[in-house]
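No hydrogens, no waters, no symmetry mates; every other heavy atom, side chains included, goes into these values.
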Protein chains: 2
Amino acid sequence: MPVTIQDVARAAGVSVSTVSRAFTVPDLVKDETRQHVLQTAERLGYRPNRAARGLITGKTGNFGVIVPDLSNPFFPTVLKGVQARAREADYAVFLADCDENATEEIALVQAMAKQVDGVILCSSRMSPNQLERVVGTTSLVFINRQVRDHPTVLMGAAGGMRQAIDHLAALGHRRVAFLNGPKASWSNRERRRGLRQSARYDMEIVELGPFAPRFEGGPHAADLAIAEGVTAIIAFNDLLALGVMSRLADRGIAVPDEMSVVGFDDIPMAGMATPPLTTVAMQNERAGRAAVDLLVNLLTVSGAEAGDLRRELDCQLIVRASTSVPARS
Amino acid sequence: MPVTIQDVARAAGVSVSTVSRAFTVPDLVKDETRQHVLQTAERLGYRPNRAARGLITGKTGNFGVIVPDLSNPFFPTVLKGVQARAREADYAVFLADCDENATEEIALVQAMAKQVDGVILCSSRMSPNQLERVVGTTSLVFINRQVRDHPTVLMGAAGGMRQAIDHLAALGHRRVAFLNGPKASWSNRERRRGLRQSARYDMEIVELGPFAPRFEGGPHAADLAIAEGVTAIIAFNDLLALGVMSRLADRGIAVPDEMSVVGFDDIPMAGMATPPLTTVAMQNERAGRAAVDLLVNLLTVSGAEAGDLRRELDCQLIVRASTSVPARS
DNA sequence: TGAAACTCTGCAATCCTTTGCAGAGCCGGT
DNA sequence: ACCGGCTCTGCAAAGGATTGCAGAGTTTCA
């Protein structure tokens with residue numbers, strides 16, 4: 001039923017080698033022949049079987065992407081970038097969701113390994129030890145996680161954090177809470193690092209948490225922050241920030257008049273919240289594309305001259321309505 | 001570098017056939033031998049090459065999923081279901097995003113065809129004519145789209161619409177607006193159908209639109225609805241509903257006191273809005289799983305006795321704070 | 001005119017598995 | 001002692017493509 005290279009060869013009156021070459025090394029076959037072959041192929045609707053090709057070339061033409069949780073709105077956007085760029089580069093992409101589970105993540109990498117030329121690990125949950133176990137099974141590129149000797153695209157969270165701090169400082173805030181996400185998470189460490197780098201003599205930071213980086217984590221976090229008497233809150237991510245705003249609304253604390261709130265990620269709903277959330281936008285889709293670029297590069301480059309191992313995308317503070325000057329107490 | 005069946009055979013001192021059988025038809029090989037082979041394989045870290053296997057069996061062990069737009073929060077959740085269930089059934093999944101573009105969708109199906117045993121089309125944007133072109137290239141299962149002779153999982157939007165209408169009627173609303181999504185969309189037609197089926201003598205429905213089913217479509221829609229003097233609005237989807245609420249807030253119209261708003265989809269941010277949005281929850285993740293089940297079924301069943309062609313999941317109205325009794329004018 | 005140098009094409013091996021067929025060894029029955 | 005029937009294993013073909021090698025035909029140049 002499916003049309004093979006043999007069918008095309010027969011119909012065109014040439015050998016399979018010629019058909020194959022007409023597609024993969026066009027200059028090796030006479031113009032006239034090539035035209036004829038390509039037309040025949042087109043007419044028959046021939047499409048090469050990538051699995052068969054992969055068997056001999058060792059290249060599958062596929063990538064894998066593993067994300068911790070598809071229902072976290074952060075990931076679909078980077079996924080979108082990965083998918084789009086991969087398609088441009090004529091790769092197909094395998095998707096897997098490891099449910100925030102490092103063990104599962106390992107299993108997925110191993111399961112994919114044979115079917116892909118490389119995999120992109122998004123905010124990998126693996127510990128360094130666990131990483132050891134998968135390194136070498138296939139080519140790896142990381143997003144939002146720095147791993148020695150492996151290409152990585154970073155979201156420059158530290159820079160984003162600086163912008164957030166500067167923004168709040170400019171508004172006049174002098175005592176600000178930072179709500180930690182999961183302590184073990186690389187992202188959280190990065191954001192804290194940015195926080196410390198941006199430390200100012202005229203601003204006091206109180207760290208709270210860790211909290212679950214979800215809407216549900218917000219209320220508890222909000223209550224603690226209020227008790228600390230801060231005038232502004234920077235949350236680990238938007239989901240948490242939205243949860244905080246929801247709690248503030250319930251407690252009758254006006255945002256931004258009585259409390260400023262800053263999120264992180266710029267997920268779609270950040271702009272739709274009331275008030276719209278000031279947040280640090282990461283270039284997710286571009287990060288996805290960059291990851292694919294790094295992977296393609298890693299695969300094509302001669303190996304000796306390693307391409308760039310690291311691409312850093314900068315963040316952008318999006319000032320919306322959830323931040324303003326502190327209330328004069 | 002990668003370990004093949006040959007390596008295992010050599011190491012275990014048996015033929016490749018035996019190794020192969022030890023995995024695929026265990027009863028054909030003596031217990032003792034099988035143990036030995038499996039242990040050797042394990043020790044060497046052997047994992048069969050699915051491409052090679054597919055070449056001969058004609059089965060790839062892969063599925064494809066095509067969604068119209070990953071950045072629409074509706075899809076990642078069904079994707080999550082697809083992915084999870086596929087993994088349980090030992091399938092890997094190819095993901096593609098067609099950017100709301102039917103032509104691209106066709107191309108994607110065709111590109112995937114050779115590499116998958118079947119593809120799941122989520123809210124396909126193809127016209128019936130275009131569908132003709134891909135039917136037959138591979139096994140197809142649809143989500144949220146009824147296609148003759150093809151397995152389909154439906155979200156029972158009509159039933160959800162009835163619940164929404166009944167809810168508003170019970171609260172005392174007598175004049176309600178429905179904000180249409182894209183006119184050509186199958187989902188929109190389904191929802192309208194539900195609307196008409198639920199028509200009540202004591203309630204007047206005014207249809208508006210079509211509107212872009214996004215947050216940005218909301219303000220325009222809201223203004224029209226207000227001008228119509230309705231006391232409640234049912235939006236094509238949550239994004240639109242959120243956009244409406246945002247506009248109502250801007251115009252100083254209190255939700256739900258002066259206007260009730262109902263959405264559709266129950267996307268994550270629905271529950272986080274202020275006020276939290278009353279909406280119709282679809283069982284996305286279960287729909288994804290069901291689609292995989294149908295596909296597996298379609299592939300394993302003898303062909304003669306076609307399994308079920310249709311699975312309908314019912315919707316559930318989630319009453320939150322955006323609906324209440326109408327203001328007494 | 002002949003040889004050298006190209007250009008183009010085909011043959012056959014190869015990639016990794018699965019599977020039909022047949023052979024080897026063993027058992028029980030006559 | 002022999003034969004039929006099991007159970008277990010190996011040989012070899014097949015699946016769809018790529019590619020090194022060699023051969024056929026053509027051109028170039030001395």
Side-chain angles (χ1 to χ4, degrees), chain A residues 1-38 40-41 44-62 90 92 111-117 137-138, chain B residues 1-38 40-41 44-62 90 92 111-117 137-138:
Chain A
M1 188 63 180
V3 25
T4 76
I5 200 174
Q6 323 263 0
D7 301 327
V8 179
R10 202 173 314 120
V14 298
S15 73
V16 295
S17 330
T18 304
V19 178
S20 172
R21 279 191 274 254
F23 281 98
T24 55
V25 273
D27 0 320
L28 276 191
V29 18
K30 185 160 59 170
D31 261 24
E32 192 186 326
T33 320
R34 177 157 42 82
Q35 298 286 356
H36 178 52
V37 168
L38 294 184
T40 316
L44 268 48
Y46 167 71
R47 315 193 54 113
N49 182 325
R50 300 189 118 188
R53 169 183 295 173
L55 206 48
I56 183 157
T57 60
K59 303 274 155 223
T60 62
N62 299 144
D90 203 29
M112 280 183 173
K114 279 279 186 26
Q115 295 193 90
V116 301
D117 297 338
T137 43
T138 186
Chain B
M1 189 62 180
V3 26
T4 78
I5 200 174
Q6 323 263 3
D7 301 328
V8 178
R10 201 172 316 119
V14 298
S15 75
V16 294
S17 331
T18 303
V19 178
S20 172
R21 277 192 275 254
F23 281 98
T24 55
V25 273
D27 358 322
L28 276 191
V29 16
K30 184 159 59 171
D31 262 23
E32 191 186 327
T33 320
R34 178 159 40 83
Q35 298 287 356
H36 178 53
V37 168
L38 294 184
T40 316
L44 267 49
Y46 168 70
R47 316 194 54 112
N49 181 325
R50 300 189 119 191
R53 170 183 295 173
L55 206 48
I56 182 156
T57 60
K59 303 275 154 220
T60 62
N62 299 145
D90 203 27
M112 280 184 174
K114 280 276 188 25
Q115 296 193 89
V116 301
D117 297 338
T137 42
T138 187

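In terms of polar N and O atoms assigned as donor or acceptor, the side chain of A/T33 never comes within less than 3.5 Å of the base of C/dC8 in a complementary pairing. Between the side chain of A/T57 and the base of C/dC15, no donor-acceptor pair under 3.5 Å is found.
Between the NZ atom of A/K30 and the C1' atom of D/dA24 there is a distance of 12 Å, given to the nearest Å. If you measure from atom CD of A/E32 to atom P of C/dT9, you get 9 Å, rounded to the nearest angstrom. D/dA14 atom C1' lies 12 Å from atom CG of A/L55, rounded to whole Å. In this structure, B/I56 atom CD1 and C/dT17 atom P are separated by 12 Å, rounded to whole Å. Nucleotide C/dC8 holds its P atom 13 Å from the CD atom of A/Q35, rounded to whole Å. One can place NZ of A/K114 at 9 Å from C1' of C/dC16, the figure rounded to the nearest angstrom. Between B/N49 atom CG and D/dA17 atom P there is a gap of 16 Å when expressed in whole angstrom units. What separates CD1 of A/I5 from C1' of C/dC15 is a distance of 15 Å, to the nearest Å.
For the residue pair A/T18 and A/V29, the shortest heavy atom distance occurs at CG2-CG2, 4.4 Å. The two residues A/Q115 and B/A92 have their closest heavy-atom pair at NE2-CB, 4.1 Å. Nearest heavy atoms, B/L55 versus A/A52: CD1-CB, 3.8 Å.
Remark on DNA chain D: of its neighbouring residues A/R50 and B/R21, the 5'-side contact belongs to B/R21, judged by nearest-heavy-atom nucleotide. Comparing B/A52 and B/V29 by the nucleotide of DNA chain D whose heavy atom lies nearest to each, the residue mapping closer to the 5' end is B/V29. Nucleotides of DNA chain C nearest to A/V16 and A/L28 differ in position, and the one nearer the 5' end is that of A/L28.
Taking a cutoff of 4.0 Å between a charged side-chain nitrogen and a carboxylate oxygen, B/R50 and B/D90 qualify as a salt bridge.
Contacts of B/T4 with the nucleic acid, taken as non-hydrogen atoms under 4.0 Å apart, involve only primed sugar atoms and P, OP1 or OP2. Within the 4.0 angstrom heavy-atom criterion, no nucleotide atom of any strand lies near A/V19.
Results of the side-chain contact (heavy atoms from CB on, under 4.5 Å) test with A/H36 over A/T33, A/L38, A/T40 single out A/T40 as the only residue that passes.
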